[in-house]
Amino acid sequence: MAKKPKKQKWDWEEDNETVTSEEDSDQPTVKDSNGTPLANGDSVLLIKDLKVKGAGQTLKRGTVIKNIRLTSDPEEIDCRTSDIKGLVLRTEFVRKR
C-alpha cells in the first residue's frame with residue numbers, strides 16, 4: 001500500500017469554516033449616509049432637520065450626537081440627546097463625525 005504524500009502547509013483547502021465574509025458575521029455592517037462604517041460609541045452629525053414624533057421638538061441639522069449604539073437593524077441606530085432619551089435614528093440622516 002502506497003503512502004499518501006504529507007500535506008504541505010501551503011496546500012490550499014477550501015473549507016467553509018475558514019472562509020468568512022461580512023455577510024456571515026453576527027453583527028450586520030452599519031453605514032452612515034456617506035457609506036462610512038459606524039460602530040458602538042461613535043459620534044454622528046445630523047445632516048437634516050428632523051421632527052421627533054411624540055417629543056414635540058425638532059433636531060436641527062448639524063447637531064452632534066455622541067455615544068451611539070447599534071441595533072439589530074442595520075438602517076437604525078439607538079442614541080440619546082440632552083432632552084430626548086431613547087431616540088432611534090435612521091442611518092440615512094447621519095454622518096460620522
Side-chain angles (χ1 to χ4, degrees):
M1 180 173 218
K3 283 187 167 180
K4 284 187 173 181
K6 187 175 180 181
K7 279 191 170 184
Q8 300 295 327
K9 64 181 177 180
W10 60 81
D11 284 345
W12 177 256
E13 239 186 66
E14 282 193 55
D15 190 5
N16 291 337
E17 294 176 18
T18 59
V19 178
T20 59
S21 67
E22 290 180 14
E23 298 166 358
D24 294 337
S25 65
D26 294 338
Q27 192 92 358
T29 303
V30 179
K31 295 185 179 182
D32 68 358
S33 61
N34 293 334
T36 307
L38 296 173
N40 284 325
D42 283 345
S43 296
V44 294
L45 192 73
L46 292 179
I47 61 170
K48 181 180 178 181
D49 290 349
L50 299 174
K51 293 181 183 176
V52 181
K53 292 181 182 179
Q57 291 183 335
T58 301
L59 293 174
K60 299 292 183 183
R61 186 178 92 188
T63 302
V64 176
I65 298 177
K66 299 177 183 176
N67 199 16
I68 65 168
R69 289 178 304 279
L70 304 180
T71 62
S72 59
D73 185 359
E75 295 181 358
E76 294 179 347
I77 56 172
D78 189 26
C79 55
R80 67 172 60 192
T81 63
S82 58
D83 298 332
I84 305 167
K85 310 296 183 212
L87 185 64
V88 177
L89 294 176
R90 305 264 311 165
T91 56
E92 62 190 276
F93 300 120
V94 298
R95 71 177 169 96
K96 191 170 182 177
R97 184 165 183 240

>> Please check: side-chain N/O of D78 versus main-chain N/O of V88, any donor-acceptor pairing under 3.5 Å?
In response: no
> side chain to side chain contact (heavy atoms under 4.5 Å, CB included) with R97: which residues, sequence neighbours excluded?
Replying inline: S43, V64
For residues 47-55, which side-chain N or O atoms pair as donor and acceptor with protein atoms under 3.5 Å away, sequence neighbours left out?
{"from": "D49", "atom 1": "OD1", "to": "R61", "atom 2": "N", "distance (Å)": "2.6"}

> CG of L89 to OG1 of T71: how many Å apart, nearest 0.5 Å?
Replying inline: 10.5 Å
> Do I68 and N40 come within less than 4.5 Å of each other through their side chains, counting heavy atoms only?
Replying inline: no
> Linking I/L/V/M/F/W/Y whenever any side-chain heavy atoms sit under 4.5 Å apart, do L45 and I77 land together?
Replying inline: no
> Partners of A39 by side chain to side chain contact (heavy atoms under 4.5 Å, CB included), sequence neighbours excluded?
Replying inline: D42
> Is there a path of hydrophobic side-chain contacts, each under 4.5 Å between heavy atoms of I, L, V, M, F, W or Y residues, that connects I84 with V94?
Replying inline: yes
>> Under the rule for side chain to side chain contact (heavy atoms under 4.5 Å, CB included), what residues qualify as partners of N67, not counting sequence neighbours?
In response: none
> Which atom pair, heavy atoms only, marks the closest approach of R95 to S33?
Replying inline: CB-OG, 3.9 Å
> Are side-chain heavy atoms of T36 and K31 found at a separation under 4.5 Å?
Replying inline: no
>> I'd like to check D32 versus V44 (side-chain heavy atoms, cut-off strictly below 4.5 Å). Are they in contact?
In response: no
>> Return the SG to CG distance between C79 and L70, rounded to the nearest 0.5 Å.
In response: 11.0 Å
> Can you name the salt bridge (Lys or Arg N to Asp or Glu O under 4.0 Å) partners of D73, sequence neighbours left out?
Replying inline: none
>> Going by the rule side chain to side chain contact (heavy atoms under 4.5 Å, CB included), which residues pair with E92 if we only count those two or more places apart in sequence or in a different chain?
In response: R90
